[in-house]
Protein chains: 2
Amino acid sequence: MKQTPLARSVTMEDVARDAGVSRALVSLVMRESPKVSPAKRAAVLQSAAALGYSPNRLASRLASHRTNTLGVLFLDLHNSVFADMYDGITEGIAGSGNQVMVAVGSADPGTELDALKNFVDLRADGVILAGYTGSAGELEAALRGTPAVVITREMEVDGVASVLTDDFRSGVLAVEHLHGLGHRRIAHVDISDWLPYTARREGYLHAMRQFGLEPMLVHSDMTERGGRAVMEAFLASGATLPTAIFAHNDLTAIGIMEALAIRGLAVPGDVAVMGCDNIEVAASPLIGLTSIDQHAGELGRVAAQVMLDRLAGSAGPAVTRKLEPVLMVRRSSDPSAV
Amino acid sequence: MKQTPLARSVTMEDVARDAGVSRALVSLVMRESPKVSPAKRAAVLQSAAALGYSPNRLASRLASHRTNTLGVLFLDLHNSVFADMYDGITEGIAGSGNQVMVAVGSADPGTELDALKNFVDLRADGVILAGYTGSAGELEAALRGTPAVVITREMEVDGVASVLTDDFRSGVLAVEHLHGLGHRRIAHVDISDWLPYTARREGYLHAMRQFGLEPMLVHSDMTERGGRAVMEAFLASGATLPTAIFAHNDLTAIGIMEALAIRGLAVPGDVAVMGCDNIEVAASPLIGLTSIDQHAGELGRVAAQVMLDRLAGSAGPAVTRKLEPVLMVRRSSDPSAV
DNA sequence: ATGAAAGCGCTAACAC
DNA sequence: GTGTTAGCGCTTTCAT
């Protein structure tokens, strides 16, 4: 019974013949068209089931010129902030008749662009990029006119909308919070220079300047492991510790807390720590990490909405939606916090 | 210059005309065929770039009858064990010329099957299911012969391979560990009855029986929130606490630890806790959760390998690869652990 | 090495 | 309602 793999599959033609109708009619039935007689519909469905027919969506998409599919590209599956965004996106497109296909960029310049091009080559109706790290030029070239919305970053590209939380403001909020707690030696662990996400750092620098404080910057890579490594190196260096550290994101902050914990240093007693994103684990009573809520779920929802509006033509050019970050105070900076 | 969206895109025909060659030749150039003269190749590439040509992969896949694409379905993006599997899968297919397209099932019976059918309808060469929760029958029907490998579960379906860690053994390991630590009142927080993942529970029950201990079972839903809710409810009930709890997975275990922490109960002092999966955060010094390593990355790698072998035809029927779980002792069960 | 012709499996008018 | 006729944009023999 077992056919050799890739044996010619059952086509609409086969179903049509079996049901004694035309191919077009089968097509209508498959697309649940209302203008098909119940009798014929039943016959077609019956034949399709009997023959084990599986519609070839490559063919239907090619012929119909639309895919009803949104490509969604994530930077990193290990950061749950993207899981939150995913949830928001699916909520946002629910009931729109669209579906998503997701890919992961992995912060690798090549992988990211390949995935993006793949979406375009597969003719996704639109693309949502959650954490794009490439350049505006590459993005524009890869898109070739495909509508796109970038989450967490402001892009000055034609036809590309941006949905993000005010990162500069987040940096300011962080410093204001720590300064208000009495800290003066406030360090910032940010990310590699080549990455385009610099606004949090800018905000930090701006606020430090405002307060007349000396900035302390260290680079890391947005991961837990990276944050931990950076803090371990710092501790090993014997340099004077800051009294507070603001990390680029929660993962990094957690890594920092780990390094401190291993060294037997108290948080916030010896060093206060805070992150940014407000991922699920930051709120855990076991961690209690002060953070800045980026509203990841909402970002996803809004991004989806912006995309749908754009596809419906009811949107002008290059929208930018910016949400207000919200400080979430927890034990890692303030012992009196819940 | 800007065309209206969805304007007829540049086709191979256009490029061919512009370059003064045949469509077939352009096709060869696009597929990097060696048998094209350098001159013509340059001309084609030049025209393609000038016209902003973007190959339509729907068409090429339709015509060539292969997609070189593996569909990967994940149960839950919030559980980082799937991120680990994803990494393993990409490692596994690296260099094979294949790519992945991912979808998320969300433990919803419908969503999961839709995503799966979509892979099939899009003619993925194969499908990898990480955390499939549906029935064998539905799986077989949806696949329609598409090769598949299921991770974390043993499936008795024709043409479907299984790659998993011995869950029964994991359950036994957990009980043995806790029993060895002197615990006798050992509870197990497992998952909903309708879910197909019962082997860990079976292992737990078996081992409890072996030791002549009374099993204590509570259902939850595999999430942190769920574990926390269940534990809070239990605490509120005033029932006598077990001295140790083995949770179905790490997320659940962490939720349990949170509920205990909020209640001011010490882990493992008042209650020892352990999970299963050994996700990244379990190993964090901030959490120190005893767990059972499922080798998620390895599972992904092996699954990819099995899939590739299958596609290359070098594999027999229905392989099952089962890995040995490994106990990772940490503070949540043993204070003397690192 | 290159071109011509015949599909791939479906949808989209347009007739009837 | 249902069938007919053209494609969609590409890959594939098969010539040359």
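Letters A, B, ... mirror the listed sequences (proteins, then strands); counts begin at 1.
- Nucleic acid contact class of B:Leu62 (heavy atoms, under 4.0 Å, all strands): base.
- Computed from coordinates, the B:Glu13 CD to C:dA4 P distance equals 10 Å when rounded to whole Å.
- Between A:Leu25 atom CG and C:dT11 atom P the separation is 12 Å, expressed in whole Å.
- B:Glu112 and B:Thr133 are linked by a side-chain donor-acceptor pair at a separation below 3.5 angstrom, with hydrogens and angles left out of the test.
- The main-chain N or O of B:Ala83 is never found under 3.5 Å from a side-chain atom of B:Ser80 such that the two would form a donor-acceptor pair.
- A donor-acceptor contact shorter than 3.5 Å links the side chain of B:Arg144 to the backbone of A:Tyr53.
- Mapping A:Asn56 and B:Arg41 onto DNA chain C via the closest heavy atom, the residue that lands nearer the 5' end is B:Arg41.
- Within the nucleic acid shown, B:Arg23 comes within 4.0 Å of at least one base atom, counting heavy atoms only.
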* To do: Go ahead and write out DNA chain D as dot-bracket, 5' to 3': ( ) for pairs within the strand, [ ] for ones crossing earlier pairs, | when the partner sits on another strand, dots for unpaired; Watson-Crick or G-U wobble, both distances under 3.5 Å.
  => ||||.|||||||||||

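- For A:Arg66, counting side-chain heavy atoms from C-beta on, the closest listed nucleotide (D:dG7, C:dG3, C:dA12) is C:dA12.
- The line from OG of B:Ser60 to CE of B:Met12 is 8.0 Å long, rounded to the nearest 0.5 Å.
- One interatomic measurement links the two molecules: NE2 of B:His65 to C1' of C:dG7, which rounds to 8 Å at whole-angstrom precision.
- B:Leu28 places its CG atom 12 Å from the C1' atom of D:dT13, with the value rounded to the nearest Å.
- The distance from atom CZ of B:Arg123 to atom C1' of D:dC10 is 17 Å, rounded to the nearest whole Å.
- Out of C:dC10, C:dA12, D:dG9, the shortest distance to the side chain of A:Ala63 is found at C:dC10.
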* **Step-by-step side chain to side chain contact (heavy atoms under 4.5 Å, CB included) determination, A:Leu323 to A:Glu298** => CA-CA 9 Å; A:Leu323 308 187; A:Glu298 180 69 11; 3.6 Å; yes

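- Considering only side-chain atoms of B:Met12, the nucleotide from C:dC10, C:dG3, D:dT11 that sits closest is D:dT11.
- The separation between B:Lys35 atom NZ and D:dC14 atom P is 13 Å, rounded to whole Å.
- Note on B:Arg61: nothing from the nucleic acid sits closer than 4.0 angstrom, heavy atoms only.
- One finds no side-chain N or O of B:Ser64 lying less than 4.0 angstrom from the OP1 or OP2 phosphate oxygen of D:dT11.
- When atom types are taken as modelled, the side chain of A:Ser192 and the backbone of A:Trp194 share no donor-acceptor pair closer than 3.5 angstrom.
- The separation between A:Asn68 atom CG and C:dT11 atom C1' is 14 Å, rounded to whole Å.
- Ranked by how close their nearest DNA chain D nucleotide is to the 5' end, A:Lys40 and B:Ser60 are led by A:Lys40.
- Partner of B:Arg61 under the side chain to side chain donor-acceptor pair (under 3.5 Å) criterion, chosen from B:Asn56, B:Thr67, B:Thr69: B:Thr69.
- For D:dT11, one of the phosphate oxygens OP1 or OP2 lies less than 4.0 angstrom from a side-chain nitrogen or oxygen of B:Ser27.
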* Going through the checks in order, is the side chain to side chain contact (heavy atoms under 4.5 Å, CB included) test met by A:Arg321 and A:Val306? -> CA-CA 9 Å; A:Arg321 297 279 269 280; A:Val306 167; 3.7 Å; yes

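- A:Arg31 comes within 4.0 angstrom of the backbone, heavy atoms only, and of no base.
- Residue A:Asp14 contributes atom CG, which lies 11 Å from atom P of C:dC8 at whole-angstrom precision.
- Judged by closest nucleotide on DNA chain C, B:Pro38 is the one of B:Pro38 and A:Ala59 placed further toward the 5' end.
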